[in-house]
Amino acid sequence: MADVHEYRIVLLGPPGAGKGTQGKLLESSLGIPSVSTGDMLREAMEKGSDLGHTARGYIQKGELVPDDLVIRMVSQMVESDRFARGFILDGFPRTLEQANSLDQILFTGGKSLSHALYFDLSEEEAVRRISGRLVCKSCQKMYHLAYNPPPPSGRCDCGGELFVREDDKEETVRNRVNVYNNQTKPLLSYYNQKGILWTIDASLSIQEVHQKVLEIVNANG
Ligand code: ADP
Ligand code: AMP
């Protein structure tokens with residue numbers, strides 16, 4: 001089991017379920033870092049690193065980036081000092097191989113995951129959410145044209161410029177949902193068997209979902 005108040009949390013759910021949004025809120029509430037592997041890969045693409053070049057081909061098609069690359073990226077981070085007191089992972093793991101590797105890395109350091117939070121949302125609603133998503137270039141905060149509109153300036157509240165993700169166009173989104181159903185959904189039973197899976201109704205408002213998450217982590221810390 002995790003030490004008291006040392007939260008090691010993974011966020012699960014279909015693309016568009018609100019993992020990134022909730023990860024950032026939980027980061028402020030718990031004071032531990034929330035990291036999105038999607039953001040890390042997009043940053044690598046932006047920088048033009050080897051990882052970024054390789055990742056781009058997969059991301060543009062809505063496919064998963066190969067396990068070995070993503071596992072290497074996450075394992076360095078999980079072992080760093082910044083993560084020593086807990087963390088929130090958004091978008092990782094996405095395959096059983098990634099889940100097993102994460103468990104191994106933590107086990108080697110005498111640690112384990114405390115919570116797998118599953119944001120349960122229908123496919124139609126997830127697609128609707130992705131269709132209106134805007135992301136801040138500087139702090140990666142998410143907005144939605146209808147559900148969570150940006151300030152009247154049209155910029156993020158940090159002042160950053162907002163953009164539409166390349167992989168948020170409809171055909172790519174459909175493929176991402178299929179990839180999720182085939183490759184990531186099996187993780188629900190993996191974590192259920194370990195007794196650390198909590199399901200949250202992600203169709204509620206952003207603040208209501210955040211409250212539910214806090215109730216769960218506070219009651220099962
Ligand atoms: P994920 O990280 O799971 O792909 P995001 O956190 O990026 O999902 O959310 C997808 C979109 O839905 C964003 O535009 C976000 O502003 C919006 N959103 C997130 N949570 C909610 C919610 N509870 N209700 C309405 N819209 C939401
Ligand atoms: P996200 O920002 O979580 O929606 O991720 C965007 C894209 O990045 C995904 O569609 C994948 O192509 C890639 N990606 C992010 N996290 C992972 C992961 N854990 N494993 C493989 N690919 C990933």
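Throughout, residue positions are numbered sequentially from 1 according to the sequence presented. Keep in mind the model is a prediction, meaning the values are calculated, not measured. Counting starts at 1 for both ligands and their atoms, in listed order.
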Per-residue contact class, [X] against ligand 2 - non-hydrogen pairs under 4.0 Å:
{"X": "V65", "result": "both"}
{"X": "K19", "result": "neither"}
{"X": "R165", "result": "side chain"}
{"X": "V179", "result": "neither"}
{"X": "I59", "result": "both"}

Nearest heavy atom to atom 12 (O) of ligand 1, choosing from R129, Q140, H210, belongs to R129
Exercise for the section: Please work out which of R176, Q98, E97, Q183 has its closest non-hydrogen atom nearest to atom 20 (N) of ligand 2. Expected result: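 Considering heavy atoms of R176, Q98, E97, Q183, the nearest to atom 20 (N) of ligand 2 sits in Q98.
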[atom] [closest protein heavy-atom partner, distance rounded to 0.1 Å]:
{"atom": "atom 5 (O) of ligand 2", "answer": "R94 NH2, 3.5 Å"}
{"atom": "atom 11 (C) of ligand 2", "answer": "E63 O, 3.5 Å"}
{"atom": "atom 17 (C) of ligand 1", "answer": "H144 CB, 4.1 Å"}
{"atom": "atom 16 (N) of ligand 2", "answer": "T37 OG1, 2.8 Å"}
{"atom": "atom 19 (C) of ligand 1", "answer": "T21 OG1, 3.5 Å"}
{"atom": "atom 23 (C) of ligand 2", "answer": "L41 CD1, 3.9 Å"}

| query | Is there a path from I196 to I105 through hydrophobic residues (I, L, V, M, F, W, Y) whose side chains come within less than 4.5 Å of each other? | reply |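 Linked, I196 and I105 end up in one cluster.
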Margin query: Under the side-chain contact (heavy atoms from CB on, under 4.5 Å) test against I9, which residue among D90, I216, L117, L113 passes?
Written below: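 Answer after filtering D90, I216, L117, L113: L117.
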Note to self: Checking side-chain contact (heavy atoms from CB on, under 4.5 Å) between F92 and each of V10, V35, L102, which is the one that passes?
What the structure shows: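 Per the side-chain contact (heavy atoms from CB on, under 4.5 Å) rule, the option paired with F92 is L102, out of V10, V35, L102.
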Is ligand 1 under 4.0 Å from a heavy atom in the side chain of [X], in the backbone, in both, or in neither?
{"X": "S205", "result": "backbone"}
{"X": "Y143", "result": "backbone"}
{"X": "N148", "result": "side chain"}

Please confirm whether M40 approaches ligand 2 to less than 4.0 Å, judged on its heavy atoms.
no
- Does a side-chain heavy-atom distance below 4.5 Å link Q140 with R42?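 No, their side chains stay 4.5 Å or more apart.
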